[in-house]
Amino acid sequence: MHTADLPKEKLVEMYRLMLKIRLFEEKVFELYAQNLVPGTIHLYTGQEAVAVGVCSTLRKDDYITSTHRGHGHCIAKGADIKRVMAEILGKKTGYCKGKGGSMHIADFSIGMLGATAVVGAGIPIAVGAGLSVRLRKTDQVVACFFGDGASNQGTFHESINMAAVWRLPVIFVCENNLYAMGTRQSVVMAIENISDRAAAYGIPGVTVDGNDVLAVYEATFAAVERARKGGGPTLIECKTYRHRGHSRVDPAKYRPKEEVAAWLARDPVKRLKEKLLQSNVVAENMLEQIEKMVSAEIEEALKYALESPYPAPEEALEDVYV
Amino acid sequence: MHTADLPKEKLVEMYRLMLKIRLFEEKVFELYAQNLVPGTIHLYTGQEAVAVGVCSTLRKDDYITSTHRGHGHCIAKGADIKRVMAEILGKKTGYCKGKGGSMHIADFSIGMLGATAVVGAGIPIAVGAGLSVRLRKTDQVVACFFGDGASNQGTFHESINMAAVWRLPVIFVCENNLYAMGTRQSVVMAIENISDRAAAYGIPGVTVDGNDVLAVYEATFAAVERARKGGGPTLIECKTYRHRGHSRVDPAKYRPKEEVAAWLARDPVKRLKEKLLQSNVVAENMLEQIEKMVSAEIEEALKYALESPYPAPEEALEDVYV
Amino acid sequence: MRKITYREALREALREEMRRDPSVFLLGEDIGRYWGGAFKVTDGLAEEFGDERVRDTPISENAIIGVAVGAAITGMRPVAEIMFGDLAALAMDQIANQAAKIRYMFGGQAKAPLVVRTPFGAGVNIASHHSQSLEAWFMHVPGLHVAVPSTPYDAKGLLKAAIRGNNPVVFCEHKLLYPVEGEVPEGEYTIPFGVADVKREGEDVTVVATLYMVHKALKAAEKMADEGISVEVVDPRTLAPLDKKTIIGSVKKTGRLVVVSEDCKTAGVTAEIAAIAAEEAIDYLDAPIKRVAEPDTPIPFSPPLEQYVIPDEKAIIKAIKEVL
Amino acid sequence: MRKITYREALREALREEMRRDPSVFLLGEDIGRYWGGAFKVTDGLAEEFGDERVRDTPISENAIIGVAVGAAITGMRPVAEIMFGDLAALAMDQIANQAAKIRYMFGGQAKAPLVVRTPFGAGVNIASHHSQSLEAWFMHVPGLHVAVPSTPYDAKGLLKAAIRGNNPVVFCEHKLLYPVEGEVPEGEYTIPFGVADVKREGEDVTVVATLYMVHKALKAAEKMADEGISVEVVDPRTLAPLDKKTIIGSVKKTGRLVVVSEDCKTAGVTAEIAAIAAEEAIDYLDAPIKRVAEPDTPIPFSPPLEQYVIPDEKAIIKAIKEVL
Ligand SMILES: Cc1ncc(C[n+]2csc(CCOP(=O)(O)OP(=O)(O)O)c2C)c(N)n1
Ligand SMILES: Cc1ncc(C[n+]2csc(CCOP(=O)(O)OP(=O)(O)O)c2C)c(N)n1
Ligand SMILES: [Mg+2]
Ligand SMILES: [Mg+2]
């Protein structure tokens, strides 16, 4: 489907989701600064168009796999932010009862197969879900999120090759935010477009503006359609940028100021908002109303999470085996 | 250098080496049938043009890394066949004092950095040797042999990517003999030419007739020249075929008869012989003389190996640490 | 009773479970119709169940297990084969960090009912990269179950239980056991995990052994019987969960313990079993615990070298005599 | 004497060895000028030695170690960093099958003088994939040396020895130790592998502990001293080679043994040390051996859960009291 044909409601819903991720992450950042978040966090701020563009093409029973930078993927797939927030704070009411935390959120009830904190480790798992779809003869698809850094892992190669030769319904979504921690892409790869790697497996590869949710949507939509019909996998590279440092402690000084400024100017949330307004899809006050509602949801989630109890220490011994 | 410019002596030497590998392997096969070879063996018969074409472009101080199918690599790099044979028979006089056997022959004195029996594991080791060359500021190069099957390992991807971004002097030589054990390439890869994978790393990739030693020589020569001058790595795919089964027990029934026949007709040793005769580089009786000498060398190697003692059992405890 | 080989017993388990449950499928290198598995365990299964359910894979060990994990958490029951146990080193992340932890990390939301079958063991002169015994690595990883069948009967019953169970299992086979014959009933049975089998009863000394070493221990026990010494041979059958109760019970009865395993001695299987006895039965021990294991070397190729490092009957007998 | 942190001690060792020997170089993810290592151990070294010798790599753990192996066997002395010890799971083939065995398989022709530095340990709420302690996997692999420094002094001396040695070393650090201060002399020194350090002398019970647990054991010992009980704390400093003599000597003196390690209990570090004592000193033991270790679970995220599974002073004291 071309995005020009998208119903207004869909566009507004995409905006709402992107804003939800943005405001959620800003809230997590605040909490972090107040020392309320244990461990580390990897915020999705700046990359919202990718998760939302991709997940907006999926059905509830489709699968996604996620990474250490996974809050956005969860929310875009439809997770309950109360339970996401509770998990991030280590509470018993979190999706993983506090066992996983920010880097390991999962919601199997919506096909969110979980985040792995081993970079690249989710890629073969996504392929396995794709194989499962094939063997169970359903028409589900799998979207597999990973970063530019992950695309140098052996798992990237092994997994995409398998998905390609078996023509599995997997969409490989590389979120190329130009850095893996402090490492610029050019320090670790001699190519510019990671989508060029698709040719190594005989599958289509495409690079899109990852800060343009409609571009992401369009490319994914085509890939999902092909995948559902048995046409096999696609590699979609979304060029994007994280607004903040890699993790809690990172001031990201390794990024040139001009680069940061240029990307902030291309903020995906703002861009969609402007597009909606320019094309008269929605009135400004409606967007304001959405923002209010989303903010309220987040406050509610925060309250829920803060008021939730921690798990009892002995629960550490549970869930090791079935 | 174009092979048309190759001096006669070089061509004859290449023939001699190919024949040496061929006759050596046939001898090993015989011994095997007589139950004189412990363990398993993976013969190089049929692929001689690759090892010889590649190693003929190398200096003694250049490095190679090898695989489970490594006898040909050793011999082409200049190993002493007495000690190769002794190792294959598990004798104390073998290159590895009987600890390695057929799958783990090494001769560090000629830059043969050893065979690993973990498919694909030699690839990063070759890259490390290339990095070592760079840090020691010599102009050595490294040739890294591996199979079509190995090109699906994560190490292939991780290693070539590193060599590419660091522009290391490594020649990646993929011996595509169309099968990994009983598995045809098309069962495990959706592409036809493995050299197409070079583009994923931004390096040159080329496919050559791996049964034509001159084609292999020419492609490698160019890659070696570029590498010595700091131009970085190349991926060379040599299409070839093993004349026998994968290993000792394999009748290779999974290969269509016509396919086998077609490839036998393209026997690399015969082809070079015919070329030499046709182009009047050498007289037939000179080739016969070479064959006699090579046969005698092999008989001598065999005698040496058979007469050599086994290691003493307690030697098993040596060489674990320096 | 009917006698079949360990290899056939494994194949029968796979076949029966695949017939019973369409969610069971196999994947691995060369397991399909062209080869039937490097050790022929899956021979003929592709012909019965098709290439989709008996799936040849590329040489990509880590992804093989990752794919099994992804299939397992979405409703399938994959049985993956790693052609040689040594190569599991390539898949340790997917085995130990993903398969083993996915249930825990996600707070019990997921289950990962996959089986990783792989052969360990030396004795066929295939050197350092194809001969190791690495069971201890997996024992050390919470979330995994580890099976170590020593007979065709145990192989079949444990493999069926592994496939039906809901936890990830590393199913350790032994190359030298594949041709070994033993009694296996035709009918349906499974063997629960965590239940040791006393392969021979005895009074004077307890020998705990696994896999191929069970057979060497039994031979040693027979020889000792000739000398009037009664050896009890306990086969744990699964290392995780480990049937401590049976082991400790036997030690309390005999007062002497020899632990035998083919893996390298240091930090290996024998260490854990010896440690348990030292913690829980020291007051019953009348002698030091003895461990019989591979010395700490890689496995060499040459036959005299290889034979030297593999624990043998003589070493077991020597250890038994030392504790008497 | 001058006090510096464990982190600084490691950095100083790297700096001194790089100045001394041009064949020493570093490689790893984000170790260079842009980040200085996830735990800042290599901070500033790229500035002094350049990007060639302090080399940022792609995220490719198995190849990082493979590259180190290739460089080591051709004359270099690489020090590779794996950002978190859990991720060594991705590199087990290159560590355990290649680095460890290359000398042996090739009959002594090669040496592989490489060091793999990596942090283990829990305590900072980063959950199951960033908190494990996997030293036992490496102990179990012949051909590897394994260092486990607990103080800045040991860290510097052992790292310098590791870099100068000719065997592959897995150099296990602990996240919570990086900021810990201790005395480190300015002058040149190295600490030989295989020599335990008695961190505190005592008469009544031997506590063997490693890494961060040494500090907890020392605190426990202090508390026990208040109760009139004299605890000897032995820090092996390297697990391979392991200084059995010092451990056994101490056990023979005190007659009681508690082994403490942060790794999972089953088939872990404590198992090997307990087994050695059960083999070699059982006649001197006046009580069962006690192991204090992580229960067999992955490491959970939430602070109360994580604290529950990490062995603490109280658990050590409890174990000591149980054996008295
Ligand atoms: C296998 C592995 N290596 C290293 C790390 C440490 N680490 C965590 S995130 C990260 C960078 C990942 O970069 P990328 O894939 O581009 O994702 P991004 O953080 O940019 O979203 C690294 C190196 C890890 N968690 N796993
Ligand atoms: C990592 C790994 N997986 C599987 C094997 C078993 N194995 C040995 S050779 C081989 C096939 C290798 O195929 P290829 O790379 O094409 O080399 P060829 O044998 O054709 O020369 C396999 C699967 C192994 N030794 N190592
Ligand atoms: Mg990135
Ligand atoms: Mg091949």
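All chains are named by letter (A, B, ...) in the order of the sequence lines, taking the proteins before the strands, and each is independently numbered beginning at 1. Worth saying up front: this structure is predicted, and the values here are computed from it rather than measured.
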B:K99 NZ to C:I299 CD1 distance, which is reported to the nearest 0.5 Å: 12.5 Å
Residue-level contacts of residues 315-322 of chain B with chain C, using a heavy-atom cutoff under 4.5 Å: B:E315, B:A316, B:L317, B:V320
Worked verdict on B:V118 versus C:L90 for side chain to side chain contact (heavy atoms under 4.5 Å, CB included): CA-CA 9 Å; B:V118 177; C:L90 286 157; 3.8 Å; yes
Polar side-chain atom of B:N152 near backbone of C:I59 as donor-acceptor pair, under 3.5 Å: no
Part of C:V124 within contact of chain B (heavy atom distance under 4.5 Å): backbone
Check against side chain to side chain contact (heavy atoms under 4.5 Å, CB included), B:H246 and C:W35: CA-CA 11 Å; B:H246 167 73; C:W35 202 288; 3.8 Å; yes
Partner chain B: residue of C:P300, C:G32, C:P58 with the largest heavy-atom pair count (under 4.5 Å): C:P58
Criterion side chain to side chain donor-acceptor pair (under 3.5 Å) on B:T183 and C:D30, from CA distance to verdict: CA-CA 6 Å; B:T183 304; C:D30 279 293; 2.9 Å; yes
Heavy-atom pair with the smallest gap, counting every atom of B:G100 and C:A127: O-CB, 3.6 Å
Residue part contacting chain C, namely of B:I88, when any heavy atom lies under 4.5 Å: backbone
Would you tabulate the side-chain donor-acceptor contacts of residues 94-102 of chain C under 3.5 Å, counting partners in other chains and residues two or more places apart, or write 'none'?
residue, atom, partner, partner atom, Å
C:Q94, NE2, A:A121, O, 3.0
C:N97, OD1, D:Q132, NE2, 2.9
C:N97, ND2, C:D93, OD1, 2.7
C:N97, ND2, D:D86, O, 3.1
C:Q98, OE1, A:T116, OG1, 3.2
C:Q98, NE2, A:T116, OG1, 3.4
C:Q98, NE2, C:D93, OD2, 3.3
C:K101, NZ, C:A96, O, 2.7
C:K101, NZ, D:Q132, OE1, 3.0

Nearest atoms (heavy-atom pairs only) where C:F301 meets B:G101: CD2-CA, 3.2 Å
Residue part contacting chain C, namely of B:K97, when any heavy atom lies under 4.5 Å: backbone
From B:K91 atom NZ to C:S302 atom OG, the distance as rounded to the nearest 0.5 Å: 8.5 Å
Validation row: B:M103, C:H129 side chains within 4.5 angstrom (heavy atoms): no
Contacting moiety of C:I126, where chain B heavy atoms sit under 4.5 Å: both
